[in-house]
Amino acid sequence: MSHAAELNERQREAILATEGPILVIAGAGSGKTRVLTERIAHLVGDLGVSPYQILAFTFTNKAAREMKDRLERARPGATEMLWVGTFHSTGVRILRRHGEAVGVHRDFSIYDADDSVGLVKAVLSRHPNDARFVKSPRALRDRISRMKNDLVTPALAGEKAVGAGEQRVAALYAEYERELRRANALDFDDLIMKVVELFAASDEVREVYARRFRYILVDEFQDTNPIQMAMIDGLSSVHRNLFVVGDDDQSIYSWRGARVEHILEFEGIYPGTQVIRLEQNYRSTQTILDAANGVIEHNAGRKGKRLWTEGGVGEKVRVAGSVDEEAEALAVLAAVKREVAAGTSLKDIAILYRTNAQSRALEDVFKMGSMPYQIIGSVRFYERAEVRDVLAYCKALANPADDLSVKRIINVPRRGIGKTSVDQIEEIAVRRSGSMLDAMRTPGDGLGAAAAARCRSFLDVFDGLKLIADTEVAPHAIDAILKTTGYLKYLEEVYPDVEARVENVEELLSAAYTFAESAEDKSLRAFLEEIALVADVDSIDLESGQLTLMTLHNAKGLEFDTVIVTGMEEGLFPHYNSIDDPAAVEEERRLFYVGMTRARRRLFLTFAGMRRRLGLMEGGVPSRFLSEIPDRCLEEPFEPMLAPSGPLFSGRPGARWGSGRAIVNEYAQPAPAAEESFSQDAPAAGYAVGMRVMHERFGKGIVRRVEGRGGELRVTVIFDAGGERKFLASYAPMRPL
DNA sequence: TGGTAGAGGCTTTTT
DNA sequence: GCCTCTACCA
């Protein structure tokens with residue numbers, strides 16, 4: 001074992017305990033990643049176990065990559081035959097090899113969430129009368145997903161269905177499954193579910209893997225769902241050397257079917273389990289830990305654990321209220337500036353929020369203040385329309401049975417194949433249980449002559465591309481798609497904001513080139529697989545020198561010197577949809593706990609008295625979680641009080657909470673709470689319309705508009721080089737000429 | 001078939 | 001407030 005001296009007693013114990021079922025309860029920042037890595041290093045280096053016999057599950061691809069990198073450094077060569085990955089990527093690996101046994105053809109497509117919703121829509125459109133049983137296509141997809149994660153097959157759903165609504169949902173689920181199979185596609189859940197089915201269907205295949213993997217490790221065990229548990233169980237069915245690491249206090253994915261019970265009941269499921277607890281924290285200050293402990297203690301259903309550190313007491317947690325979300329964003333910007341002035345690097349600061357929608361106000365202010373930031377999540381790269389178009393070509397070429405993708409590209413760029421024709425083609429395909437492409441090849445009399453001719457020319461394009469896609473590497477195939485179809489020209493014709501879209505397509509192309517440089521299998525299919533499984537967090541660059549913005553969920557597993565959690569209001573955090581369910585509120589509280597424990601040195605919490613929600617201004621009261629932080633951890637005791645009846649809070653009448661005291665009045669006034677709470681630099685120099693200015697990044701320009709005052713003075717500038725931009729006068733690196 | 005305008009829904013979190 | 005879908009007209 002390397003660096004044994006630096007490990008604490010518990011960590012060493014966890015690394016050395018290699019046989020049988022082991023449950024490690026690892027608090028935030030207790031060095032669990034290190035334990036996992038060192039344990040593998042110990043197995044390989046000291047016990048002579050072949051990496052071929054080890055399988056490790058991580059929550060994200062990024063975590064997998066990091067684990068491999070660390071291990072490679074500790075034991076060069078050890079990672080070669082080792083399997084490390086997410087449940088989904090591991091599922092794909094298994095299914096590509098042995099999927100045929102459960103009807104999964106080896107060149108299957110992977111449908112992401114949007115694809116699934118698209119398929120659900122297609123199914124629903126054939127049963128217009130069933131629309132009344134589901135809230136939305138998305139809601140139905142979520143229900144289907146939940147069923148899959150709970151190991152409920154369509155048949156089982158049909159048996160268990162009570163009432164007409166559930167009967168129909170089960171029937172739609174069954175049809176959705178049939179459609180997936182017709183398209184030779186698997187959705188995200190299938191990537192795991194089909195493995196479980198495979199193991200159930202074939203003891204032989206199960207044993208191939210169960211015998212091979214003598215040691216199985218699972219990270220973030222608190223967020224496994226029943227289907228993943230079943231996969232783990234099958235894989236470990238021979239050797240039972242199952243090592244799971246988790247923290248019941250950080251379980252934040254129950255909405256995805258995750259069960260904390262897997263941790264709480266692990267000892268019962270696997271008799272003879274050795275339990276090891278890691279409670280010493282190596283990340284945060286004692287004050288931050290006390291604050292986090294104080295909050296999480298309000299949860300009833302937990303194993304119980306108290307983090308401690310040998311590090312210092314550190315600074316107190318700061319709470320600041322603002323009038324509205326823009327003022328909150330300004331307060332955040334001021335805090336960031338102050339942190340930077342005090343010597344913290346931007347890359348060590350993170351802004352966290354409950355919902356992606358909250359990023360907008362922050363982004364606006366950061367843009368105006370010329371603050372460099374990277375945003376994780378929000379509108380994901382692979383969800384952009386133009387990227388999806390190109391990917392649809394790729395998917396259809398890799399798997400011609402993929403009707404969803406074919407439908408997306410059939411008239412993009414425009415080929416005069418309209419909705420009517422597409423419907424007719426689909427009809428033929430469904431009737432024959434074949435693919436739409438086949439239907440187009442021999443349409444019979446189900447399609448008009450003119451439409452058939454247009455389909456023919458589409459097929460010519462498609463077949464030409466298919467030849468290239470089957471033989472060339474991924475970037476060449478994508479390049480051919482763009483050139484042959486004239487896609488970039490199409491973008492120009494259709495969208496006003498061409499530039500950004502062309503850039504996105506080029507980024508996709510360059511991602512394919514990067515992929516081809518390092519990947520062993522450089523085919524289009526391999527590239528599709530890679531990007532189907534990447535999450536947004538996978539692309540986070542912590543060395544970019546930028547401020548990082550993301551949801552609390554995405555922050556799991558990360559750490560920063562300074563963390564600012566925004567939107568600490570009832571209804572937002574905890575969220576409206578959780579507020580009247582005690583178990584759901586506990587999950588929100590765990591999410592807050594996750595957020596707090598990301599901070600190494602300083603923690604800021606902000607809330608706003610008003611916020612725009614779905615286009616309407618609504619008033620809010622500070623989150624109950626704020627009052628759960630022990631006073632001694634706070635810079636100033638937090639004294640929530642009931643809002644006086646006034647215009648500001650009339651949005652949510654009777655919104656009472658906690659002790660029934662009122663919000664301090666100053667939050668209700670349009671006072672610059674930002675300056676008061678975090679202090680701020682001197683206000684901006686005077687700008688006037690028509691004035692010439694010089695900006696550090698954008699050069700010279702002329703002032704078109706001046707709004708606001710003091711620290712919130714905003715200046716709109718038209719630059720000589722072209723382009724109009726809005727800045728915060730006090731922050732932008734700009735001066736009058 | 002394609003373009004546009006208005007309506008409606010959406011936002012909780014994601015592999 | 002923004003995006004997507006639908007209905008209607010050219």
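Here the structure is a predicted model, which means the values were calculated and not measured. In what follows, chains are A, B, ... by sequence order, proteins preceding strands, each numbered from 1.
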Inset, instruction - Quickly work out the A:Leu352 CG to B:dT14 P distance and round it to whole Å. - result: 12 Å
Inset, instruction - With heavy atoms under 4.0 Å as the rule, sort A:Tyr253 into base, sugar-phosphate or nothing. - result: sugar-phosphate
Legend entry - NZ or CZ of A:Arg354 within 45° of A:Phe592 ring axis and under 6.0 Å: no
Legend entry - Nucleotide of B:dT11, B:dT12, B:dT15 approaching A:Ala357 most closely (side-chain heavy atoms): B:dT11
Inset, instruction - Only counting residues at least two apart or in another chain, list the ones meeting side chain to side chain contact (heavy atoms under 4.5 Å, CB included) with A:Lys135. - result: A:Ala139
Legend entry - d(CD, A:Glu529; P, B:dT15) in whole Å: 17 Å
Inset, instruction - Please list, chain by chain and in numerical order, all residues satisfying salt bridge (Lys or Arg N to Asp or Glu O under 4.0 Å) with A:Lys32, sequence neighbours excluded. - result: A:Asp219, A:Glu220
Inset, instruction - Take A:Asp142 and A:Lys135, find for each the nucleotide of DNA chain B with the closest heavy atom, and name the residue whose nucleotide sits nearer the 5' end. - result: A:Lys135
Inset, instruction - I would like to know whether A:Tyr209 and A:His98 meet ring pair (Phe, Tyr, Trp, His ring centres under 6.0 Å); could you show each step before the answer? - result: CA-CA 11 Å; A:Tyr209 291 97; A:His98 293 102; 5.4 Å; yes
Inset, instruction - Mind checking A:Ser136 for me? I need base, sugar-phosphate or nothing, with any heavy atom below 4.0 Å counting as a touch. - result: sugar-phosphate
Legend entry - Closest-nucleotide ordering on DNA chain B, the 5'-leading residue of A:Thr420 and A:Thr355: A:Thr420
Legend entry - Near-strand residues of residues 409-419 of chain A, defined as heavy-atom separation under 4.0 angstrom from DNA chain B: A:Asn411, A:Arg414, A:Gly416, A:Gly418
Inset, instruction - Decide side-chain hydrogen bond (donor to acceptor under 3.5 Å, both in side chains) for A:Asp402 and A:Tyr111; before the verdict, give the C-alpha distance in whole Å, the side-chain angles of both, and the deciding distance to 0.1 Å. - result: CA-CA 10 Å; A:Asp402 183 352; A:Tyr111 275 8; 2.3 Å; yes
Inset, instruction - Flag the pair A:Val565 / A:Thr606 as yes when at least one side-chain heavy-atom distance between them is below 4.5 Å, and no otherwise. - result: no
Inset, instruction - Applying side chain to side chain donor-acceptor pair (under 3.5 Å), name anything that partners A:Glu569, two or more places apart in sequence or on another chain. - result: A:Arg611
Inset, instruction - Would you mind telling me which of B:dT12, B:dT13, B:dT15 lies closest to the side-chain atoms of A:Arg256? - result: B:dT15
Inset, instruction - Return yes when atom CZ of A:Arg96 has more than 12 non-hydrogen atoms of other residues, nucleotides or ligands closer than 6.0 Å, and no otherwise. - result: yes
Legend entry - Base B:dT12 paired with A:His575 side chain (donor-acceptor, <3.5 Å): no
Inset, instruction - Whole angstrom is fine here: how far is it from CG in A:Leu140 over to P in B:dC10? - result: 13 Å
Inset, instruction - Assess the pair A:Tyr173 and A:Tyr176: is the distance between their ring centroids shorter than 6.0 Å? - result: no
Legend entry - B:dT1 phosphate, OP1 or OP2, under 4.0 Å from A:Ser421 side-chain N/O: yes
Legend entry - Spacing between A:Arg589 atom CZ and B:dT12 atom P, to the nearest angstrom: 20 Å
Inset, instruction - Starting from C1' on B:dT15, measure out to CE on A:Met231 and report it in whole angstrom. - result: 12 Å
Legend entry - Residues that A:Thr551 engages under side chain to side chain contact (heavy atoms under 4.5 Å, CB included), provided they are two or more places apart: A:Tyr353, A:Asn356, A:His553, A:Asn554
Inset, instruction - Check every nucleotide of DNA chain C for an atom under 4.0 Å from a heavy-atom of chain A, then give the first and the last such nucleotide from 5' to 3'. - result: C:dG1 to C:dC5
Legend entry - Sugar-phosphate, base or nothing in reach of A:Arg613, heavy atoms under 4.0 Å: nothing
Legend entry - pi-stack flag for A:Trp255 and B:dT13, centroid dist under 5.5 Å, interplanar under 30°: yes
Legend entry - Closest listed nucleotide, where the reference is the side chain of A:Arg354 and the choices are B:dT15, B:dT11, B:dT12: B:dT12
Inset, instruction - Would you kindly give the CD-to-C1' distance between A:Gln228 and B:dT14, to the nearest whole Å? - result: 12 Å
Inset, instruction - Whole angstrom is fine here: how far is it from CG in A:Leu552 over to C1' in B:dT14? - result: 14 Å
Inset, instruction - Write down the distance between CG (A:Asn356) and C1' (B:dT12), rounded to a whole number of angstrom. - result: 9 Å
